[in-house]
Amino acid sequence: MAPFSLRSLVPVLLAAGAVNGAAPLSDSADAKQVRQVAIIGAGAAGSSAAYHLRTYAEETGTAVNITVFEKTGRIGGRTLTINPYGNESVRVELGASIFIKDNRILYDRLDEFGLAPRDPDLNSDPNLGIWDGDEFVFQVNEDDSYWWNAYKVIMKYGFLAPRRTQNLMRATIDKFLKLYEAPYFPFRSLTQRTYELDLVEVTGVTGQQLLKANNIGDAYAHDIIQASTRVNYGSNLFEIHGLDTMVSMAPEGAMAVDGGNWQIFHKMVERSGAGLLLNTSVVAISRASREGGDERRYSIRAKSGDTEEDYAVQFHDVVLANPYQFSKISAGDVLESAIDEIPYVRLHVTIFASPFRYSPAFFGLKDAGDVPGTVLTTLSKGEDVPAGVEGSGKAGFFSISTLRKVFNPKTEKEEYLYKIFSPQEVTPEFLSRLFGVEVPDDFVGKPKGSTSDISPISWYYPHVFWSYPKAWPRVTFQDPIVGPGVYYTSGMESFISTMETNALMGKNVARLIIDDILGVSTGSDSESPAHKITCDRGKMANPQIESLLPLNSESLAEMSKHHGFKARTLAIGYRNKGYEASPLSPLIFTEKEQTEKILLESLQHFTVTEGSATPKIVLVIWGSHHEFRAMACLFPGRANMVSHWVDLVDIVRELTSSKLTFSAPSLRDTMLSLGFTGWHLQTRCGGHSAGMDAVRTLGTLFRLLSWPTGEKFIVLLYRKQGKIFWERRPRPHEEFPFIVRTNRSQGSSLTALPSVAVCPKAKNMKPRTHAWVCFGSQKVMQHFVEEWDGRRIDDKTLRVNIVPLDDKFYQKTENLVNWRWNDV
């Protein structure tokens with residue numbers, strides 16, 4: 001369904017009438033024309049999107065033209081190989097190294113593309129050990145028989161722990177594999193599919209919690225499973241969600257492509273027939289202006305070498321197939337849903353050759369024969385909080401592998417090829433301890449004073465990846481559709497980050513694009529038909545809206561009653577205090593077990609026509625995008641009663657100054673910045689009021705509708721590390737040491753400023769003529785001073801002065817600690 005203009009819906013919303021969707025795309029000339037699709041990024045997701053887009057287009061007789069923009073000079077993203085000593089006949093995987101038979105997209109392409117699989121462990125040292133920084137807690141020789149190694153595991157950890165782990169992993173992976181088939185494929189909401197497949201039970205908890213809940217022994221979890229999560233995702237069990245934990249335990253039948261895994265993605269792009277622009281960075285995406293007709297088009301500005309220009313073709317669809325936060329792309333108003341910025345693991349991958357084997361002394365051993373060739377690591381006993389860099393603990397690295405022997409062309413002798421995964425750069429000092437020989441500062445030279453012709457490190461190749469997200473537990477995930485015809489693939493990485501899952505998201509996006517061309521509704525929230533609507537802030541189409549704007553002299557409650565808005569306040573788990581009734585309706589008290597029933601009754605209360613099957617409710621929410629999606633999955637019957645919805649946070653993000661705002665400003669901060677007074681925000685009791693929040697959200701909606709097109713406003717957030725400065729501890733001057741004082745002459749009220757959130761007044765100051773604004777950094781404070789000092793507002797000059805910090809000032813402003821909104 002096409003996006004809606006919220007502005008056109010407001011009169012209908014006020015009348016509580018139904019909102020009808022746009023008609024499906026008709027079988028017209030526009031529908032049959034060539035669809036121009038841009039794919040930004042030629043990694044696993046982008047290559048897969050191009051390949052499957054061509055495949056689906058040929059199956060359906062759809063005309064598409066695909067253009068792939070890739071900022072590097074190669075295809076494959078984080079899959080790439082290197083050549084030790086520059087020998088083209090020897091290739092080593094630097095990035096993503098393995099996949100398994102369950103990886104259907106990659107595995108099926110081997111035969112199709114004529115690529116040969118190989119054993120990634122061929123010629124590697126079969127001896128594997130798990131080291132905790134003090135001792136080897138487990139060792140195994142992978143050349144030994146399966147039964148002998150199984151016996152060693154059972155003797156060390158018992159029979160139940162490995163058996164339960166295997167069963168749990170298989171059950172989890174089987175649930176995930178349903179995502180490849182109808183009715184779960186394609187999908188517009190990964191969050192919804194997570195709930196439908198019961199995978200939220202494993203994504204919403206840590207690996208540690210999941211294993212405990214399934215009675216898997218602590219020793220096996222700590223030694224075996226945690227070593228797997230560290231080598232695969234650079235994370236310990238208490239900081240990685242359960243789904244990635246299970247994926248780490250599923251490498252059975254691991255394989256790689258002979259010559260490099262990147263070849264799969266190279267063949268995908270080749271088979272897609274896409275126009276490929278290598279060494280071309282996309283700088284900006286914007287809506288293209290087109291005279292006559294409403295057909296959407298996007299312009300792409302790209303840079304190749306020193307040349308930056310608009311690409312000649314305008315596109316109907318754009319696929320963002322790389323992590324947006326690293327792309328430095330300016331998307332303007334193209335993104336109607338904000339893309340989450342998530343933390344990624346910075347992984348150092350170091351590959352090098354040496355004639356030496358590990359020193360046993362490094363591992364606290366005496367005999368070199370006792371040192372395994374591949375060393376995985378875990379935390380040491382009792383090391384609850386990681387002591388090492390980025391959680392690596394006492395070991396200091398995640399893994400060291402002896403890959404194979406390679407021929408040194410200089411010495412004409414074979415040497416050992418090693419690979420290290422670590423959170424920190426490998427140093428000569430570390431390698432000196434690892435091998436028991438002095439490694440020079442340049443790694444590949446000879447130690448000072450050495451008379452030997454042998455270099456401890458004969459070839460050296462370090463690389464740094466932003467390899468995968470930090471997979472903290474979560475129950476909501478980025479949607480793949482972030483605007484009309486704009487798709488995003490990297491939201492999959494917080495769910496599972498592998499070559500295969502990225503390729504799956506590329507395939508999913510390709511299917512959604514083809515279905516959109518055909519006018520077919522697939523991949524939607526099958527049990528939640530509500531559609532997201534956007535806020536059109538152009539010239540007001542309906543003059544009635546002008547009279548609906550809340551004024552400072554009018555309370556939000558009165559405005560809501562006057563215009564017929566209704567709200568209900570649910571008090572769940574009733575207590576005698578801490579709840580405030582909505583001005584629009586009495587409180588509804590309910591126990592937790594009755595919540596679902598009361599929620600349904602409340603929604604039915606708002607249905608205009610009794611017995612009507614058509615939903616009549618337009619949901620306006622604040623910062624609750626993911627919560628709404630989750631509710632739609634948990635209570636589909638309730639979500640069916642909502643026909644359309646809009647999250648105002650998305651609109652506020654577009655309209656606020658990026659220099660002075662966080663990614664998700666609060667409702668109260670935004671209302672102050674929009675010109676509401678403290679009275680509009682005041683809560684009569686200390687508890688939370690859902691009813692008042694509903695009223696405030698509607699007031700914000702109308703103020704946003706009236707905001708001039710192209711203008712921004714500033715939301716000042718007095719936060720640092722998630723703490724709000726008026727909390728009782730720490731004191732404001734401890735948390736926000738940089739302070740300015742603003743004032744205007746002749747007692748003019750600061751609340752008239754639409755772009756300044758007024759802070760509490762200090763003692764002995766005239767009401768509303770002065771305000772203290774606190775900042776967490778000097779840079780932000782200085783920017784504010786430069787921006788606002790000396791401005792003329794309502795024929796008055798605003799002065800901004802930096803306040804000297806002394807004991808007298810702190811005594812004067814002591815009541816900052818206890819202020820309430822009605823003090824503003």
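We count residues from 1, following the sequence as given.
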**Student:** Under 4.5 Å between any side-chain heavy atoms of Val37 and Asn65, yes or no?
**Tutor:**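 Side-chain contact under 4.5 Å: no.
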**Student:** For Arg346 and His348, what are the C-alpha separation, side-chain angles and deciding distance, and is it a side chain to side chain contact (heavy atoms under 4.5 Å, CB included)?
**Tutor:** CA-CA 7 Å; Arg346 191 168 188 260; His348 289 261; 3.5 Å; yes
**Student:** Are Pro186 and Asp515 side-chain neighbours, meaning at least one heavy-atom pair lies under 4.5 Å?
**Tutor:** yes
**Student:** Enumerate the salt bridge (charged side-chain N to carboxylate O under 4.0 Å, His left out) contacts for residues 64-80, please, sequence neighbours excluded, ordered by first and then second residue.
**Tutor:** Arg78-Glu493
**Student:** Please round to the nearest 0.5 Å and tell me the distance separating atom OG1 of Thr194 and atom CD of Gln192.
**Tutor:**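 It is 9.5 Å, given to the nearest 0.5 Å.
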**Student:** I'd like to know if the side chain of Arg193 and the backbone of Ser189 have a donor-acceptor N/O pair within less than 3.5 Å.
**Tutor:**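 Flag not set: sc Arg193 to bb Ser189 has no pair under 3.5 Å.
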**Student:** Once you round to the nearest 0.5 Å, how far does CD of Gln36 lie from CD1 of Ile300?
**Tutor:** 10.5 Å
**Student:** How about Leu197 and Tyr184: do any of their side-chain heavy atoms sit closer than 4.5 Å?
**Tutor:** yes
**Student:** How about Thr501 and Thr498: does a side-chain donor come under 3.5 Å of a side-chain acceptor?
**Tutor:**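 The answer is yes; a qualifying pair exists.
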**Student:** Mind checking whether Tyr344 and Tyr468 have ring centres under 6.0 Å apart?
**Tutor:** no
**Student:** Between Leu504 and Leu179, does the side chain to side chain contact (heavy atoms under 4.5 Å, CB included) criterion hold? Intermediate values first, please.
**Tutor:** CA-CA 9 Å; Leu504 174 61; Leu179 201 56; 4.1 Å; yes
**Student:** How about Ser330 and Val283: do any of their side-chain heavy atoms sit closer than 4.5 Å?
**Tutor:** no
**Student:** For Trp262, does its backbone N or O pair with a side-chain atom of His266 as donor and acceptor, under 3.5 Å?
**Tutor:** no
**Student:** Side chain of Ser47, backbone of Ala42: donor and acceptor closer than 3.5 Å?
**Tutor:** yes
**Student:** Could you state the interatomic distance from CG (Asn261) to CG (Leu94), rounded to the nearest 0.5 Å?
**Tutor:** 12.0 Å
**Student:** State, yes or no, whether a side-chain contact exists between Val247 and Tyr233 at a heavy-atom distance under 4.5 Å.
**Tutor:** yes
**Student:** Can you tell me how far the CG atom of Leu53 sits from the CD1 atom of Ile514, to the nearest 0.5 Å?
**Tutor:** 5.0 Å
**Student:** Side chains of Arg297 and His316: do they bring a donor and an acceptor to under 3.5 Å?
**Tutor:**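 Distance-only check passes for Arg297 and His316.
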**Student:** List the steps, then state whether side chain to side chain contact (heavy atoms under 4.5 Å, CB included) holds for Tyr488 with Ile339.
**Tutor:** CA-CA 8 Å; Tyr488 184 60; Ile339 295 177; 3.5 Å; yes
**Student:** Begin with the C-alpha distance, continue with both residues' side-chain angles, and end with the deciding distance and a verdict on salt bridge (Lys or Arg N to Asp or Glu O under 4.0 Å) for Asp317 and Arg35.
**Tutor:** CA-CA 8 Å; Asp317 302 280; Arg35 188 72 160 239; 2.5 Å; yes
**Student:** Mind listing the closest non-hydrogen atom pair of Pro484 and Arg287 along with its distance?
**Tutor:**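 Closest approach of Pro484 to Arg287, heavy atoms only: CD-NH2, 4.4 Å.
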**Student:** Nearest 0.5 Å, what's the NZ-CD distance between Lys175 and Glu201?
**Tutor:**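 These two atoms lie 5.0 Å from each other.
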**Student:** Identify, with sequence neighbours excluded, every residue that meets salt bridge (charged side-chain N to carboxylate O under 4.0 Å, His left out) alongside Arg54.
**Tutor:**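 Listed in chain order: nothing, the list is empty.
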**Student:** Nearest heavy-atom pair of Gly73 and Leu278: which atoms, and what distance?
**Tutor:** O-CD1, 3.7 Å
**Student:** Does Met492 offer a backbone N or O that forms a donor-acceptor pair with the side chain of Gln478 under 3.5 Å?
**Tutor:** no
**Student:** Given side chains that start at C-beta, do those of Leu276 and Thr67 come closer than 4.5 Å, heavy atoms only?
**Tutor:**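 Heavy-atom side-chain distance check fails, nothing below 4.5 Å.
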**Student:** Are Leu512 and Asp516 side-chain neighbours, meaning at least one heavy-atom pair lies under 4.5 Å?
**Tutor:**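 The answer is no; the side chains never approach within 4.5 Å.
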**Student:** Quick one: sort the Phe315 and Tyr311 rings into parallel, tilted or perpendicular, breaks at 30° and 60°.
**Tutor:** parallel
**Student:** For Asp198, check salt bridge (charged side-chain N to carboxylate O under 4.0 Å, His left out) against everything at least two apart and list the hits.
**Tutor:** none
**Student:** Using modelled atom types only, decide if a donor and an acceptor are shared between the side chain of Ser304 and the backbone of Thr307 within a distance under 3.5 Å.
**Tutor:**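 Pair absent, no side-chain N/O of Ser304 close to backbone of Thr307.
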**Student:** Is the NZ or CZ atom of Lys507 both under 6.0 Å from the centre of the six-membered ring of Phe185 and within 45° of that ring's axis?
**Tutor:**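 Yes, Lys507 sits over the ring of Phe185.
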**Student:** So which atom in Ser272 and which in Ile66 form the shortest heavy-atom distance, rounded to 0.1 Å?
**Tutor:** O-CD1, 4.2 Å
**Student:** Measure across Phe477 and Phe495 and return the closest heavy-atom pair with its distance rounded to 0.1 Å.
**Tutor:**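 Residues Phe477 and Phe495, closest heavy atoms: CE2-CA, 3.6 Å.
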**Student:** Could you tell me if the side chain of Asp310 sits less than 4.5 Å from the side chain of Ser299, heavy atoms only?
**Tutor:**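 Heavy-atom side-chain distance check fails, nothing below 4.5 Å.
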**Student:** Can you find a side-chain donor-acceptor pair between Arg230 and Asn236 that sits under 3.5 Å?
**Tutor:**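 Indeed, the side chains of Arg230 and Asn236 share at least one donor-acceptor pair under 3.5 Å.
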**Student:** Once you round to the nearest 0.5 Å, how far does CD1 of Ile40 lie from CZ of Phe69?
**Tutor:**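 Spacing of CD1 (Ile40) from CZ (Phe69) equals 7.0 Å.
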